[in-house]
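For reference, the structure is listed below as structure tokens.
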Amino acid sequence: MTTDTTGAAARDDASRPGGPADSPFVRACRRRPVPHTPVWFMRQAGRSLPEYREIRANVAMLESCRRPDLVTEITLQPVRRHKVDAAILFSDIVVPVAAAGVDLDIVPGTGPVVAEPVRTAADVQRIRPIGRDDVPYVDEAVRMLVKELGDTPLIGFAGAPFTLASYLVEGGPSRNHVKTKALMYGDPELWHALAGRLAEVTLAFLRVQIAAGVSAVQLFDSWAGALSEADYRRFVLPHSTTVLSGLADAGIPRIHFGVGTAELLGAMGEAGADVVGVDWRTPLDVATRRIGPDKAVQGNLDPCLLFAPWPVIEAEVRRILDQGRAAPGHVFNLGHGVLPETDPEVLTRVVALVHELSARPAEGA
């Protein structure tokens with residue numbers, strides 16, 4: 001078993017002019033001037049695209065994540081169609097924990113289902129460390145994509161320790177996270193052992209992607225909004241910090257995102273990310289005041305707005321771009337993922353509109 005921690009491919013790219021490291025997306029993440037506000041969509045790789053549904057027909061989700069040819073094609077589809085400023089690796093947050101020995105499946109219509117939920121210290125010990133040899137298909141897919149994408153940056157991603165732990169403790173998706181909170185409050189030592197182990201797995205998984213050449217990474221803490229700020233700081237922040245701060249030497253931007261995290265934005269900004277994702281509930285200028293002036297922001301059009309008449313969508317895009325100017329860097333995105341029923345043509349129009357409205361004059365013009 002090996003773990004490549006160099007991130008050499010990403011750093012090599014940063015040393016040459018142009019390329020993904022000089023793209024509008026990476027420049028915005030680094031709070032540098034951009035020719036236009038960059039835009040990409042969470043869950044853009046698949047979901048609403050008919051070409052995605054066609055290629056995924058009769059292929060299980062986990063299998064599709066382990067086939068570099070499928071991962072490459074699915075990741076490229078929204079870049080070709082929408083002309084977004086960044087691609088995001090097609091995968092799933094449970095891929096690394098499956099590689100670490102957890103028996104699970106992604107059930108259509110339900111999500112990840114864990115055969116034996118984590119309940120004891122012995123369950124935690126069974127979660128193995130991972131390295132590149134455990135996820136060779138991820139390494140291969142990233143290298144294929146970097147070659148295909150050229151100057152378009154590729155975003156790697158992973159699930160944050162809290163969200164992964166919630167799946168493992170609950171046994172699957174949960175509305176109220178009852179078992180998760182019961183474990184946190186009732187056995188803090190076991191909780192921190194589990195979250196710490198998952199932080200190690202997540203960090204190793206992201207390092208594999210960085211070594212293969214991704215230009216940025218995003219840490220998804222989808223369920224963190226279920227917590228108070230005090231509980232977040234006690235039970236979650238140390239482990240997210242392990243991941244994000246552990247990538248400080250990688251030389252690429254780090255994005256941190258959660259849902260329903262309005263009261264947590266300040267704490268999330270302390271975890272070590274360069275960019276904090278904001279869901280649709282919090283205006284970006286308000287979010288910037290909570291996060292602080294040294295972070296870029298990402299977001300935050302409500303995914304449901306994409307079903308409204310175009311004049312409504314246009315007005316919302318204008319509002320978000322205007323509020324995003326309060327931040328030192330802004331990456332336009334949705335406030336959560338693309339819904340499967342979304343009309344792809346609307347997404348394409350949103351990208352073009354963001355580019356048009358945010359275009360800056362060229363230097364020296």
Side-chain angles (χ1 to χ4, degrees), residues 3 5 92-102 104 112 114 117-131 134 156-170 174 177 179-210 217-250 254-261 263-277 291 295:
T3 302
T5 62
D92 191 274
I93 64 171
V94 299
V95 166
V97 291
V102 176
L104 58 83
V114 179
V118 172
R119 297 284 187 269
T120 67
D123 295 333
V124 173
Q125 288 300 315
R126 284 195 290 270
I127 302 173
R128 305 188 303 263
I130 68 167
D134 298 289
F157 82 92
F162 173 78
T163 293
L164 293 177
S166 181
Y167 276 117
L168 298 189
V169 173
E170 302 285 344
S174 172
H177 310 282
K179 296 184 178 73
T180 303
K181 292 185 177 184
L183 177 61
M184 283 191 337
Y185 301 138
D187 195 342
E189 183 176 354
L190 180 58
W191 168 262
H192 285 295
L194 171 60
R197 179 63 59 92
L198 292 172
E200 294 171 1
V201 169
T202 299
L203 180 56
F205 187 58
L206 289 173
R207 283 174 168 164
V208 170
Q209 297 174 55
I210 292 168
V217 293
Q218 177 158 308
L219 188 68
F220 284 84
D221 212 349
S222 305
W223 309 133
L227 301 175
S228 68
E229 182 183 357
D231 287 344
Y232 178 87
R233 288 185 177 278
R234 179 184 178 191
F235 296 112
V236 178
L237 182 57
H239 306 291
S240 294
T241 300
T242 293
V243 178
L244 291 167
S245 297
L247 299 174
D249 64 346
R254 299 153 293 172
I255 308 169
H256 197 15
F257 173 75
V259 183
T261 55
E263 299 303 316
L264 308 180
L265 288 172
M268 291 179 69
E270 297 170 18
D274 306 288
V275 185
V276 177
I291 296 164
K295 309 285 184 185

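No donor-acceptor pair under 3.5 Å is formed between the side chain of Trp223 and the backbone N or O of Ser166. With Asp187 contributing its side chain and Leu183 its backbone, the two residues share no donor-acceptor pair below 3.5 Å. Proximity of a side-chain donor or acceptor of Thr120 to a complementary backbone N or O of Asp123 within less than 3.5 Å is detected. Side-chain N or O atoms of Thr163 include none that pairs as donor or acceptor with a backbone N or O of Gly159 at under 3.5 Å. In this structure a side-chain-to-backbone donor-acceptor pair under 3.5 Å is missing from Arg126 to Val102. In this structure, the side chain of Thr242 engages the main chain of Pro238 through a donor-acceptor pair within 3.5 Å.
Between Thr202 and Leu164, some side-chain heavy-atom pair lies under the 4.5 Å cut-off. Taking the side chain as every heavy atom from C-beta outward, Leu194 and Val169 approach each other to under 4.5 Å. Between Pro117 and Leu168, the closest side-chain pair of non-hydrogen atoms is not below 4.5 Å. Residues Leu104 and Tyr167 have side chains not in contact (no heavy-atom distance under 4.5 Å, counting atoms from C-beta outward). Counting heavy atoms from C-beta on, the side chains of Asp221 and Val236 come closer than 4.5 Å. At least one side-chain heavy atom of Arg119 sits less than 4.5 Å from a side-chain heavy atom of Lys179. Here the side chains of Val243 and Pro161 are in contact, with some heavy-atom distance below 4.5 Å.
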Stepwise side-chain contact (heavy atoms from CB on, under 4.5 Å) test for Val114 and Glu170 = CA-CA 8 Å; Val114 179; Glu170 302 285 344; over 6 Å; no
Please assess Lys181 against Leu227 for the test side-chain contact (heavy atoms from CB on, under 4.5 Å), listing each intermediate value before the final yes or no.
-> CA-CA 9 Å; Lys181 292 185 177 184; Leu227 301 175; 4.0 Å; yes
Under the side-chain contact (heavy atoms from CB on, under 4.5 Å) rule, what do His239 and Phe162 come out as? Steps first, then yes or no, please.
-> CA-CA 8 Å; His239 306 291; Phe162 173 78; over 6 Å; no
What do the steps show when you test Ile210 against Val217 for side-chain contact (heavy atoms from CB on, under 4.5 Å), and what is the final call?
-> CA-CA 8 Å; Ile210 292 168; Val217 293; 4.0 Å; yes
Which pairs would a plain distance check flag for residues 268-276, meaning a side-chain donor or acceptor within less than 3.5 Å of a matching protein atom at least two apart in sequence or in another chain?
{"from": "Glu270", "atom 1": "OE1", "to": "Arg233", "atom 2": "NH1", "distance (Å)": "2.9"}
{"from": "Glu270", "atom 1": "OE2", "to": "Arg233", "atom 2": "NH2", "distance (Å)": "2.9"}
{"from": "Asp274", "atom 1": "OD1", "to": "Arg254", "atom 2": "NH2", "distance (Å)": "3.3"}
{"from": "Asp274", "atom 1": "OD2", "to": "Arg254", "atom 2": "N", "distance (Å)": "2.8"}
{"from": "Asp274", "atom 1": "OD2", "to": "Arg254", "atom 2": "NE", "distance (Å)": "3.1"}

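Taking OG1 of Thr261 as the start and CD of Glu229 as the end, the distance is 11.5 Å to the nearest 0.5 Å. To the nearest 0.5 Å, the span separating CZ on Arg128 from CG on Asp134 amounts to 6.5 Å. Summarising the geometry, atom OG belonging to Ser240 is positioned 5.5 Å from atom CG belonging to Leu219; distances are rounded to the nearest 0.5 Å.
Nearest heavy atoms, Asp92 versus Pro112: OD1-CG, 4.4 Å. Scanning both residues, Val201 and Ala100, for their nearest heavy atoms gives CG2-CB, 4.3 Å. Nearest heavy atoms, Ala158 versus Phe205: CB-CD2, 4.0 Å.
For Phe220 and Phe157, the ring centers sit closer than 6.0 Å to each other.
Partners of Tyr232 under the ring-ring contact (aromatic ring centres under 6.0 Å, His included) rule, at least two apart in sequence or in another chain, do not exist in this structure.
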